[in-house]
Amino acid sequence: NLTQPALLCFGKVPEDPTSRHHFLQVVSYLQGYKEASANEKLFGVLSEKLYDLLQLDWEQREEEDNLLIERILLLVRNILHVPADPDEEKSVDDDASIHDKVLWAIHMSGMDDLIKFLSSSQTEQ
């Protein structure tokens, strides 16, 4: 999985230099896709798809629908799980960090409301 957190891939931060280099390279790639995903359009598409799937009654959903719901939620979780890049987060005038931009995109797309609905709905648990 291309969005899986580096710690899940490696188990822990590697000690030997070669593995540590690979670990840091994976983290760097993850930070790059986190920055690229701070986009309202991306989360808008994901929110619309998730909303359409949640409109189906539990009995009407097929296994593919449930898998897609799970994958969308995992993607959002993995994007939020990416650690901040200290070099990129140095800013002046209290600019929004990459994480803040991702959270704003999630909020503006309505994804946060869908996640709140999922967490509070008895039928979706």
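At least one side-chain heavy atom of L118 sits under 4.5 Å from a side-chain heavy atom of L54. Counting only heavy atoms from C-beta outward, the side chains of N78 and P5 approach each other to under 4.5 Å. Looking at heavy atoms from C-beta onward, L80 lies in side-chain contact with L103 at the 4.5 angstrom threshold. Considering only heavy atoms from C-beta on, F10 comes within 4.5 Å of H22 through its side chain.
Listed by first and then second residue, the salt bridge (Lys or Arg N to Asp or Glu O under 4.0 Å) pairs that reach into residues 34-56 come to none, sequence neighbours excluded. For residues 58-73, every residue pair satisfying the salt bridge (Lys or Arg N to Asp or Glu O under 4.0 Å) rule, not counting sequence neighbours, is listed here: R61-E124.
With D57 contributing its side chain and Q60 its backbone, the two residues share no donor-acceptor pair below 3.5 Å. Within the 3.5 Å criterion, the main-chain N or O of Y33 finds a donor-acceptor partner in the side chain of S37. With R20 contributing its side chain and P14 its backbone, the two residues share a donor-acceptor pair below 3.5 Å. One N or O on the side chain of S109 and one on the backbone of I106 form a donor-acceptor pair closer than 3.5 Å. A donor-acceptor pair under 3.5 Å links the side-chain atoms of Q31 to the main chain of P83, judged by distance alone. No donor-acceptor distance shorter than 3.5 angstrom exists from the side chain of Y51 to the backbone of L114, with no hydrogens or angles considered.
The CE atom of M111 sits 10.5 Å away from the CG atom of D113 when rounded to the nearest 0.5 Å. Atom-to-atom distance recorded for I72:CD1 and F43:CZ is 11.0 Å, nearest 0.5 angstrom. To the nearest 0.5 Å, the span separating NZ on K116 from OG on S119 amounts to 9.0 Å. Rounded to the nearest 0.5 Å, atoms CG (L53) and CG (L67) are 11.0 Å apart. One finds the CG atom of L8 at 10.0 Å from the OG1 atom of T3 (value rounded to the nearest 0.5 Å). Taking NE2 of H81 as the start and NE2 of H99 as the end, the distance is 11.0 Å to the nearest 0.5 Å.
Clustering ILVMFWY residues whenever any of their side-chain heavy atoms sit less than 4.5 angstrom apart, transitively, puts V13 in the very cluster that holds L30. When the side chains of ILVMFWY residues are joined at heavy-atom separations under 4.5 Å, either directly or via intervening members, F117 and L73 end up in a single hydrophobic cluster. Under a hydrophobic-cluster definition in which Ile, Leu, Val, Met, Phe, Trp and Tyr are linked whenever side-chain heavy atoms come within less than 4.5 Å, directly or via other members, L24 and L7 are assigned to the same cluster.
Heavy-atom contacts from other residues, nucleotides or ligands closer than 6.0 Å to OH of Y29 number 12 or fewer.
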